[in-house]
Visitor: 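This structure is in structure tokens; I'll ask about it shortly.
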Amino acid sequence: MSSRYDAPAESPGFLLWHTALRWQRLMTSVLAKHGLTHVQFVLLASLWWLTDHGGPPSQRQLADHAGTNIMMTSQVLREIEIRGHIIRESDPSDARTKRLRLTEQGLQVVMAALPDVEDADQDFLLVVSNLACFTESLKELTNQRECE
């Protein structure tokens with residue numbers, strides 16, 4: 001067996017894996033002081049953004065936006081609903097569809113955590129010489145020019 005790379009540190013995939021793990025550890029650390037997991041934060045922040053840009057989303061819309069599995073999304077939403085961060089309500093036009101709203105407490109948690117997450121991202125990415133180009137490359141890697 002052979003590899004096209006002389007060493008693991010020359011493999012972009014291997015480096016991406018290690019970078020993602022390092023970034024996830026940073027996010028876990030930053031969000032711990034807010035009592036949130038990274039998934040909880042992403043769902044709460046996505047809910048805030050979607051609501052601000054079009055009204056209360058459904059669970060499916062939230063999962064699609066966040067890039068999360070619908071079943072896992074439902075489980076995490078149940079946890080943060082119990083904690084008082086969100087309210088899930090039946091859609092008046094389709095009782096099977098749940099519409100989501102942040103509570104005041106949920107909004108406060110997101111607004112407190114967001115600057116810390118953005119600061120951590122900025123510090124983590126200081127080594128990137130052209131952040132705009134890097135961001136465009138990430139969009140290409142995720143096949144996503146713009147979040148809807």
Side-chain angles (χ1 to χ4, degrees), residues 1-88 97-148:
M1 284 181 49
S2 66
S3 171
R4 69 181 66 185
Y5 304 107
D6 291 332
E10 293 177 12
S11 165
F14 188 74
L15 292 171
L16 183 59
W17 168 254
H18 279 271
T19 302
L21 289 174
R22 187 170 163 241
W23 177 77
Q24 287 173 346
R25 284 191 299 270
L26 173 63
M27 289 298 114
T28 297
S29 172
V30 166
L31 290 166
K33 67 181 172 185
H34 297 283
L36 296 172
T37 66
H38 198 190
V39 173
Q40 289 170 343
F41 171 77
V42 168
L43 291 175
L44 287 169
S46 292
L47 176 55
W48 164 72
W49 192 91
L50 287 169
T51 300
D52 203 46
H53 292 85
S58 68
Q59 288 185 183
R60 167 67 66 190
Q61 289 169 322
L62 180 62
D64 289 347
H65 175 82
T68 54
N69 171 285
I70 189 68
M71 293 303 289
M72 186 265 303
T73 299
S74 181
Q75 291 170 347
V76 174
L77 290 175
R78 193 173 305 116
E79 292 173 24
I80 59 180
E81 183 180 33
I82 289 168
R83 293 173 61 186
H85 297 325
I86 67 162
I87 296 171
R88 294 192 284 184
T97 300
K98 298 292 185 191
R99 293 286 168 186
L100 307 169
R101 282 190 309 115
L102 281 172
T103 62
E104 185 60 35
Q105 176 186 347
L107 181 61
Q108 289 175 4
V109 168
V110 171
M111 292 299 106
L114 185 61
D116 291 342
V117 167
E118 290 178 345
D119 288 347
D121 277 346
Q122 185 175 3
D123 291 347
F124 185 81
L125 296 169
L126 278 175
V127 299
V128 176
S129 59
N130 186 334
L131 191 56
C133 184
F134 180 72
T135 302
E136 285 304 311
S137 294
L138 290 173
K139 288 178 185 179
E140 287 181 29
L141 288 169
T142 59
N143 266 342
Q144 189 175 342
R145 288 281 181 213
E146 189 176 320
C147 285
E148 296 176 15

Visitor: Can you give the donor-acceptor pairs under 3.5 Å from side chains of residues 38-48 to other protein atoms, not counting sequence neighbours?
Guide:
unit_1 : atom_1 : unit_2 : atom_2 : d
Gln40  : OE1    : Thr37  : N      : 2.9
Gln40  : OE1    : Arg83  : NH1    : 3.3
Gln40  : NE2    : Glu79  : OE1    : 3.3
Ser46  : OG     : Val42  : O      : 2.8

Visitor: May I ask you to test the Asp64-Arg60 pair for a side-chain heavy-atom distance under 4.5 Å?
Guide: yes
Visitor: Can a donor-acceptor pair be found, under 3.5 Å and without considering hydrogens, that links the side chain of Thr103 to the backbone of Gly84?
Guide: yes
Visitor: In Å and rounded to the nearest 0.5 Å, what is the CG to CZ distance from Leu15 to Arg22?
Guide: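 Spacing of CG (Leu15) from CZ (Arg22) equals 12.0 Å.
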Visitor: Can you check whether Ser74 reaches Arg88 side chain to side chain, under 4.5 Å on heavy atoms?
Guide: yes
Visitor: If the condition is salt bridge (charged side-chain N to carboxylate O under 4.0 Å, His left out), which residues does Arg78 pass it with, not counting sequence neighbours?
Guide: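 Salt bridge (charged side-chain N to carboxylate O under 4.0 Å, His left out) list for Arg78, sorted by chain: empty.
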Visitor: Report the distance from atom CD of Gln61 to atom OG1 of Thr73, rounding to the nearest 0.5 Å.
Guide: 12.5 Å
Visitor: Under the ring pair (Phe, Tyr, Trp, His ring centres under 6.0 Å) rule, collect the residues that match up with Tyr5, sequence neighbours excluded.
Guide: none
Visitor: Give a yes or no on whether the backbone of Cys133 and the side-chain of Ser137 come within a donor-acceptor separation of less than 3.5 Å.
Guide: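 Answer holds: yes.
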Visitor: With the side chain counted from C-beta on, respond yes when Leu77 and Leu62 share a heavy-atom pair under 4.5 Å apart, and no when they do not.
Guide: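 Heavy-atom side-chain distance check passes, below 4.5 Å.
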Visitor: What's the spacing between Leu16 CG and Leu141 CG if we round to 0.5 Å?
Guide: 7.5 Å
Visitor: Enumerate the residue pairs fulfilling side chain to side chain donor-acceptor pair (under 3.5 Å) with a member in residues 115-135, sequence neighbours excluded, ordered by first and then second residue.
Guide: Trp23-Asp121, His34-Asp116
Visitor: What distance do Lys98 atom NZ and Ile86 atom CD1 have between them, rounded to the nearest 0.5 Å?
Guide: 11.0 Å
Visitor: So which pairs with a foot in residues 37-59 pass salt bridge (Lys or Arg N to Asp or Glu O under 4.0 Å), sequence neighbours left out?
Guide: none
Visitor: Are a donor atom and an acceptor atom from the side chains of Ser58 and Thr97 found within less than 3.5 Å of each other?
Guide: no
Visitor: Which residues pass the salt bridge (charged side-chain N to carboxylate O under 4.0 Å, His left out) test with Arg25, sequence neighbours left out?
Guide: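 Checked Arg25 against salt bridge (charged side-chain N to carboxylate O under 4.0 Å, His left out); zero matches.
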Visitor: Any side-chain heavy atom of Arg101 sitting closer than 4.5 Å to one from Thr51?
Guide: no
